[in-house]
Amino acid sequence: MKHQPFDNWLLFDERLTPDQSQDLDQHLQDCGHCRGLQQSLEGVANFFRDSSEIEPISGFADRWQIRLKQEQLGVVAARHRWQSWITLILIANGVSLLGVLLGMTFFNTFDSLTELFMVSVYRLTSLLTVINIFQNLLAIVIRTIPGLLSPSGWAILAGIVSAGSLIWILSLARLARMPGRA
Amino acid sequence: MNDNEAVWLAKARAGDDDAFTHIVEAYQKPVFSLCYRMLGNAGDAEDAAQEAFLRAYRHLNRYDPNRSFATWLLSIASHYCIDRLRKKKLPSFSIDNEAHDWWQPPDPGPTPEAVLVMDQKHRRIRELLDVLAPKDRAAVVLHYWYDYSYEEIAESLAISESAVKSRLYRARRALAENWQTQESQMEMIESNSTERTPYETPAF
């Protein structure tokens, strides 16, 4: 038995003319295959349309807001990462350029590598000497200061400094708690 | 679109997150439902629905107010689900692993029998839809659950109307064949269960 065009009419689900409807009804009476197809299509359509909409678990909008915030924070973090990388690259370029310029200057100033090495050693020795002098001065100061005040005098001074720090911290905490301040 | 929605959208376009949250509340059900029908399980549907709303919010400046917002939003959700299905080639999901608390039936206090019936119904729908290609599935979901016309489906899926017709034609044939298979399996199970006498156990 020929199933066309009835098969197509059923599957395209389009409006048929009265003549086409009559032909289809006639064919469906005789053809079990097409009748089965029609019943299945109706079954599927009714089954789908009868099933209710499904709701998400409550708090969907809240979860969406959290996700939005996370995404926004992620975007900001990514932007900061990029800014950090760009800054780092710029600094690295600057340092490299400076190094090249200094290198060129040194090579122009000194006739040979040996001379450059000697000057470098001389500068390093001078720097170490200066550090040594500061270290000696600091040792003298540390040895002298404890003798300036008696032990009770140091205790009073420490008490005054502690009280001052405490007052300062409390003032800051009170200021932070004032309305209109974050 | 009602007036409230227009106001919320205008505010959201200006960067007001809270205004868009009203939109999320208003459309969470249809968007989630679409994602559930497309992906077949509540966990993926939740994730896809959330992502669809995020994409809509991100690209709100592309929305044309002369068009239906629901169509635009569901179009975003459909495309996201289609992409996800294509990437993942989603495996069929066992109902035993399903977290039932992801979705809430309309009845606030369903009996265990009602939950079971609903589970079976959802599983049957999923099995029916599983045989369809992602885009065909989207066309079927929009046609049967959202009563979208061919024109609206074409607009949502960014395909021509004739492509929608041919996709639905192909999908209907596959659904009908799948339906017939399911029906014959159910008839077989029923006939097997009625053959056994009430006192008989499988051991005998």
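Predicted model only: the values in this text are computed from it and were never measured. Letters go in sequence order (proteins before strands), and every chain restarts at 1.
Annotation for A:Phe48 and B:Val140: closest pair CE1-CG1, 3.8 Å, computed over non-hydrogen atoms. Nearest heavy atom pair, residue B:Trp145 against residue A:Ser51, reads NE1-OG, 2.9 Å. Heavy-atom minimum distance, B:Asp17 versus A:Gln72: OD2-NE2, 3.4 Å. Minimum heavy-atom separation, B:Tyr144 to A:Ala45: CE2-CB, 3.6 Å.
In this structure, B:Tyr146 OH and A:Glu53 CD are separated by 5.5 Å, a value rounded to the nearest 0.5 Å. Between atom CZ of residue A:Arg49 and atom CG of residue B:Asp147 there is a gap of 5.5 Å, rounded to the nearest 0.5 Å. The CD atom of A:Glu71 sits 7.0 Å away from the CD atom of B:Glu51 when rounded to the nearest 0.5 Å. For the atom pair OG1 of B:Thr21 and CG of A:Leu68, the computed distance is 7.5 Å after rounding to the nearest 0.5 Å.
At a threshold of 4.5 Å between non-hydrogen side-chain atoms, the residues B:His122 and A:Ile54 count as touching. Using a 4.5 Å heavy-atom threshold, the side chains of B:Arg170 and A:Leu11 count as separate.
Looking at B:Ile23, neither its backbone nor its side chain comes within 4.5 Å of chain A, counting heavy atoms on both sides. Both the backbone and the side chain of A:Asp50 come within less than 4.5 Å of a heavy atom of chain B. Using a 4.5 Å cut-off between heavy atoms, B:Ala45 makes no contact with chain A at all.
By the neighbour-count criterion of 12 heavy atoms within 6.0 Å, atom CD of A:Gln4 is densely surrounded, having more than that number from other residues, nucleotides or ligands. Open room surrounds CD on A:Gln22; 12 or fewer heavy atoms of other groups in view lie less than 6.0 Å from it. The number of heavy-atom neighbours closer than 6.0 Å to CE of B:Met186, taken from other residues, nucleotides and ligands shown, is above 12.
Top candidate by heavy-atom pairs under 4.5 Å with chain A, chosen from B:His22, B:Glu25, B:Arg37, is B:Arg37. Annotation: maximal heavy-atom pairing with chain A below 4.5 Å, among B:Leu34, B:Ile125, B:Val31, occurs at B:Ile125. For chain A, the option among B:Leu168, B:Leu128, B:Asn178 with the highest count of heavy-atom pairs below 4.5 Å is B:Leu128. Note: B:Arg173 leads B:Glu183, B:Lys165, B:Gln182, B:Arg173 in heavy-atom pairs under 4.5 Å with chain A. Of all the listed residues (A:Leu41, A:Leu37, A:Asp7, A:Val44), the one sharing the greatest number of non-hydrogen pairs under 4.5 Å with chain B is A:Val44.
Under a cutoff of 6.0 Å and an axis angle of 45°, B:Arg124 and A:Phe47 form a cation-pi pair.
Taking the six-membered ring for Trp and thresholds of 30 and 60 degrees, A:Trp64 and B:Phe20 have ring planes inclined between 30 and 60 degrees apart.
Between A:Arg67 and B:Asp47, at least one side-chain N (NZ, or NE/NH1/NH2) sits under 4.0 Å from a carboxylate O, which counts as a salt bridge.
Between B:Tyr27 and A:Phe60, the distance separating the two ring centers is not shorter than 6.0 angstrom.
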Steps toward side-chain contact (heavy atoms from CB on, under 4.5 Å) verdict (B:Gln28, A:Glu55): CA-CA 8 Å; B:Gln28 56 177 309; A:Glu55 285 182 53; over 6 Å; no
